[in-house]
Structures are given as C-alpha cells and as structure tokens.
Protein chains: 2
Amino acid sequence: MQTNSALARELSRHYLFCALTHVQQEQLLASAVSRQLAPGERLFSHGERAGQFFMVRSGCVKLYRLSAEGHEKIMRLVRPSQTFAESILFMDVPQYPVHGEGVEAAELIAFDRETFLAILRESFPTCLAVLAQMTRRIQVHWDEIETLALQNSRYRVVHYLLGLLDRTAQGRVSVTLPARKMVIAAHLAVTPETLSRTLRSLSDEGLIESTGDEVTIVDVEKLRRHMH
Amino acid sequence: MQTNSALARELSRHYLFCALTHVQQEQLLASAVSRQLAPGERLFSHGERAGQFFMVRSGCVKLYRLSAEGHEKIMRLVRPSQTFAESILFMDVPQYPVHGEGVEAAELIAFDRETFLAILRESFPTCLAVLAQMTRRIQVHWDEIETLALQNSRYRVVHYLLGLLDRTAQGRVSVTLPARKMVIAAHLAVTPETLSRTLRSLSDEGLIESTGDEVTIVDVEKLRRHMH
DNA sequence: CGTGAGCCTTGATGAGCATCAAGCGGGCCG
DNA sequence: CGGCCCGCTTGATGCTCATCAAGGCTCACG
C-alpha cells in the first residue's frame with residue numbers, strides 16, 4: 001500500500017498505532033491494503049479464516065450475526081477512524097466471530113495480522129493500548145448484555161437516543177439518526193415496526209419530536225429521568 | 001499472604017501466571033490476600049473503586065447486574081481455578097463493572113492491581129496471555145449477546161444443557177446442574193418458572209429426563225439437532 | 001410526469017414469557 | 001417428631017413485542 005502522509009497522520013492519532021515508531025508504522029503500512037466496500041457488500045463471514053483486521057476511513061460497516069430464521073442482530077456499527085476485528089490477533093485459530101458488511105459505501109484499510117503481531121512484540125506501550133481498548137469493548141459488552149437481559153425495548157430506544165448526545169447535553173437538543181431506521185432497529189434488537197411505534201409514543205408523550213431521521217429531544221434531563 | 005507450595009503449583013497452572021518467573025510469582029503472592037466468602041456475601045459492588053482482582057480456589061462466585069426493579073442477570077459464574085475482574089487492570093479509573101457475590105461458600109485469593117501491572121511490564125508472554133484470555137471472553141460475550149437477541153428461552157436452556165457436556169459426548173448422558181435452579185435461571189435471563197416449565201416440556205417430549213438437579217439427556221445428537 | 005421499489009408507518013392479531021398466586025416437598029431446628 | 005422456611009412446580013392471566021398485512025412517502029429512473 002502507498003504510504004501517504006495524511007494516512008500516516010490519521011494512524012498516529014489512533015490508540016492502536018500512536019505508540020509505534022516511524023519505522024514500525026512504515027512496516028505496518030507496507031503490509032496493509034486499501035479496500036473499497038459497496039453498501040451490502042460482504043467483507044468477511046462469521047467463521048471465515050482471518051488474516052487481517054481493519055480500519056474504517058470513510059463510510060460505515062456493520063458487524064452482525066444471523067439467526068437460523070435469517071434475523072439480523074448488529075453487534076456494532078463501525079465508523080470512520082475506528083478499527084475492528086482486532087480480536088482475531090490473539091486467537092489460536094483466527095476466525096472472524098461475526099459477519100462484516102458495508103452499510104454505506106466505505107473505504108477501509110486492511111492490516112496484516114502477522115505483521116502487526118511482530119511489531120507488537122517490540123512495542124510494549126502498544127500492547128497496553130490494545131489491552132485498554134479490549135477492556136473498553138468488554139465494558140460495552142457488559143452494558144449490552146444487561147440491556148438485552150434486563151430492559152425492555154422502550155428503554156433500549158431511549159438509551160440509544162441519549163447515547164447519540166454529548167454527555168454534557170442539556171435542555172432541547174436535536175440529533176440526526178446515523179443510519180437508516182432498519183439498521184438502528186437491528187442494532188437495538190427490535191423490529192422496525194417496534195422502533196417506529198416507540199418513537200411515535202415518545203412523540204405523543206411530548207418527550208421527543210421526530211421527523212424523518214431528525215430527532216429532537218425536548219428535554220434531555222426529563223428523558224434521562226424517564227429511563228429510571 | 002503466606003506462600004505455600006500447593007498454591008504456587010496452582011498458580012503455575014493458570015494462564016495468567018504460568019509465564020511468570022519464580023521471583024515474580026513471589027512478589028505477586030506477597031501482595032496477595034486470602035479471603036473467605038459466605039453464600040450471599042457481597043465481595044464488591046458495581047461501580048466500586050477497584051484495587052484487586054481475584055481467583056477462586058473453592059466454592060462459587062456470581063458476577064451480576066441488577067435492574068431498577070431488582071431483577072438479577074448473572075453475567076458469569078466463577079468456579080475454582082478461574083480468575084475474575086482482571087479487566088479492572090487496564091481501566092483509567094478502575095471500577096468493578098458488576099456486582100460480585102458468593103453463591104456457595106468460597107475461598108478466594110485477591111491479587112493487587114498495581115503489583116500485577118508492574119510485573120506485567122516485565123513479562124511480555126504474560127501480556128500476550130492476558131490478551132488471549134480477553135479475546136476468549138469477548139467471544140463468549142458475542143455468543144451471549146447473540147443468544148439474548150436472536151434466540152428464545154427454550155433455545156437458551158437447551159444450549160445451556162449442551163454446554164454442560166463434553167464436546168465429544170454422544171447418546172445418553174447425565175449431568176448434575178452446577179447450581180440451584182434459581183441461579184441458573186438468572187444466568188439464562190429467564191424466570192425460575194420459565195426454566196421449570198421448559199425442562200418439563202423437554203421431558204414431556206422425551207428429550208430429557210429430569211429429577212432434582214440431575215438431568216439426563218436421552219439423545220445428545222437429537223437434542224443438538226433440535227436446536228436448529 | 002408517471003411508475004415502481006424500498007423504507008417507513010400503522011393496524012390487527014397472536015405467541016412467548018413474566019407475573020401473580022397457590023401448593024408441594026425436602027431439610028433444618030426446636 | 002412437628003413445624004417452618006425455602007426452593008421448586010404448576011396454573012391462570014396479562015403484557016410486551018413480533019408477525020402479518022396494507023397503505024403512504026420518497027426517490028430514482030424511464
């Protein structure tokens with residue numbers, strides 16, 4: 001892959017790569033491959049042998065699983081400057097644990113597993129960075145398991161809306177839904193119908209105003225209280 | 001904590017500690033504390049400041065969260081020779097992400113966070129071991145999220161029963177449930193009533209035979225097929 | 001400008017599971 | 001031995017959410 005300075009700067013800002021030396025970065029990029037992904041195009045399949053992990057430069061990728069009946073649960077929506085599938089680095093038999101597919105047209109960088117592992121062996125700070133990142137992911141998983149097991153669909157929708165906001169947001173705030181509603185529904189483990197009805201009932205109660213992919217939260221504090 | 005050779009041997013068999021030098025092991029144990037835990041006794045609370053992670057030597061500990069209504073979801077049941085709460089090692093602000101409580105009377109070792117981190121800095125193989133372990137945990141989380149989002153309670157119960165078996169088990173096999181049914185139910189995110197009814201209906205269909213905490217799977221292959 | 005496809009919404013219905021309530025049975029202690 | 005507590009089971013009921021079906025809106029394309 002062609003090294004270019006914009007990319008190098010982007011890498012340096014990422015937790016996984018920021019502790020690498022200049023030489024290590026170049027080694028890594030030399031083994032990396034750029035990749036375009038169309039909407040709906042499959043990047044990898046659950047169980048497929050894995051030799052690369054990825055970074056999103058533009059667009060959006062979904063990581064998901066399917067039930068036997070073809071129902072889809074999106075485990076994660078990956079956005080620009082985020083990496084995914086790093087966990088294949090440390091498997092004895094590296095296999096992608098989910099399906100990966102483009103949601104919007106996306107531009108990716110594919111990093112080589114073996115190359116990164118070799119570099120890791122010589123960069124203890126990077127090792128720690130990976131550990132910290134995996135810890136954060138595990139936190140997210142705990143939270144997701146909790147909401148799936150203990151909370152109803154209404155809670156999940158409200159929680160999702162609040163999650164789109166700044167932590168510091170107050171009063172009346174607008175957000176744009178970051179994907180089609182079908183996608184968001186599959187992420188929240190509800191049907192599109194239920195998502196639609198939930199947004200409607202929140203509107204009817206005066207908690208939000210919703211038109212298309214714009215949602216205005218009338219009163220953030222009130223909505224936050226509403227969850228408990 | 002008193003160093004003793006049985007304990008040292010137990011440690012050496014554990015993935016987290018097996019790559020440590022003799023000296024490192026002694027450092028770690030010097031800062032470790034033994035701890036007894038009664039059934040129902042709280043070890044730590046969700047959000048509590050965390051300075052230690054743990055190993056179970058005997059008994060059973062549950063890691064769980066509670067909903068606002070007091071419903072309990074057990075995230076993990078920890079058994080002898082397993083460690084837990086390692087993820088607090090790499091948090092900026094170390095806080096336990098779940099409640100921890102004794103299920104059966106338990107004997108624990110509490111390891112000091114700072115001491116282990118210092119040792120980690122000098123043991124790259126241990127670093128890799130931690131990464132591999134966290135990767136395995138993440139796999140389990142994916143699977144759990146999938147079953148919660150995409151599968152019904154019957155599936156989860158059957159899946160749990162099959163998970164108690166050897167991977168190689170065939171034909172007619174008996175297992176002893178490893179905890180009270182209330183506990184298993186809270187682990188599977190169903191009510192005790194639903195667990196009871198599910199086992200009954202599996203019995204009625206001739207797939208299992210169930211008396212007390214003994215469950216006999218009449219035909220493992222048939223039950224495995226039954227799930228899909 | 002009309003047509004069709006895909007996404008979203010809305011309504012009617014039903015399945016699955018929690019809830020509430022009652023009864024059973026085993027183990028522990030007086 | 002008798003009584004009680006607790007865990008488990010079973011039944012009756014209702015809520016939540018998925019399913020199925022239909023209609024509207026938007027946008028791309030002829």
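Letters A, B, ... mirror the listed sequences (proteins, then strands); counts begin at 1.
In this structure B:Arg197 satisfies the side-chain contact (heavy atoms from CB on, under 4.5 Å) test together with B:Glu193, sequence neighbours excluded. Residues satisfying the side chain to side chain donor-acceptor pair (under 3.5 Å) test with B:Glu104, not counting sequence neighbours, are none. Residues passing the side-chain contact (heavy atoms from CB on, under 4.5 Å) test with A:Lys181 are A:Leu177, A:Leu195, A:Leu199, A:Ser210, sequence neighbours excluded. For A:Glu209, the side chain to side chain donor-acceptor pair (under 3.5 Å) partners are A:Arg172, not counting sequence neighbours. Residues forming a side-chain contact (heavy atoms from CB on, under 4.5 Å) with A:Asp143 (at least two apart in sequence, or on another chain): B:Arg65. Residues satisfying the side-chain contact (heavy atoms from CB on, under 4.5 Å) test with B:Thr176, not counting sequence neighbours, are B:Asp213, B:Glu214.
Centroid-to-centroid, the aromatic rings of B:Phe17 and B:Phe111 come within less than 6.0 Å.
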Residues 77-84 of chain A side chain polar contacts: donor-acceptor under 3.5 Å, at least two apart:
residue	atom	partner	partner atom	Å
A:Arg79	NH2	A:Pro178	O	2.7
A:Gln82	OE1	A:Arg79	N	2.9
A:Thr83	OG1	A:His14	NE2	3.4
A:Thr83	OG1	A:Glu86	OE2	2.6

Distance-only donor-acceptor hits, side chain of residues 89-99 of chain B, under 3.5 Å, sequence neighbours excluded:
residue	atom	partner	partner atom	Å
B:Gln95	NE2	B:Gly47	O	3.3
B:Tyr96	OH	B:Gln52	N	3.4
B:Tyr96	OH	B:Gln52	O	2.7
B:His99	ND1	B:Arg42	NH1	3.0
B:His99	ND1	B:His46	N	3.1

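Non-hydrogen atoms lying under 4.0 Å from DNA chain D are contributed by A:Glu193, A:Thr194, A:Arg197, all within residues 193-202 of chain A. Applying a 4.0 Å cut-off to non-hydrogen atoms, none of the residues of residues 204-217 of chain B approaches DNA chain D. Contacts between residues 179-189 of chain A and DNA chain C, defined by a heavy-atom separation under 4.0 Å, are made by A:Arg180, A:Lys181, A:Met182.
Classification of the B:Phe116-B:Phe53 ring pair by plane angle, with boundaries at 30° and 60°, yields perpendicular.
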Intermediate values then yes/no, side chain to side chain contact (heavy atoms under 4.5 Å, CB included), A:Leu16 and A:Gln133: CA-CA 8 Å; A:Leu16 262 188; A:Gln133 179 64 2; 5.8 Å; no

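The main-chain N or O of A:Gln151 is never found under 3.5 Å from a side-chain atom of A:Thr147 such that the two would form a donor-acceptor pair. Here the side chain of A:Thr194 pairs no donor or acceptor atom with the backbone of A:Val190 at under 3.5 angstrom.
Atom-to-atom, NE2 of B:His71 to P of C:dA18 comes out at 10 Å; the value is rounded to the nearest Å. Here the P atom of nucleotide C:dC17 and the CG atom of A:Leu148 are 15 Å apart, to the nearest Å.
Contact footprint of chain A on DNA chain D: nucleotides with an atom under 4.0 Å from a non-hydrogen protein atom, first to last in 5' to 3' order, D:dC17 to D:dC20.
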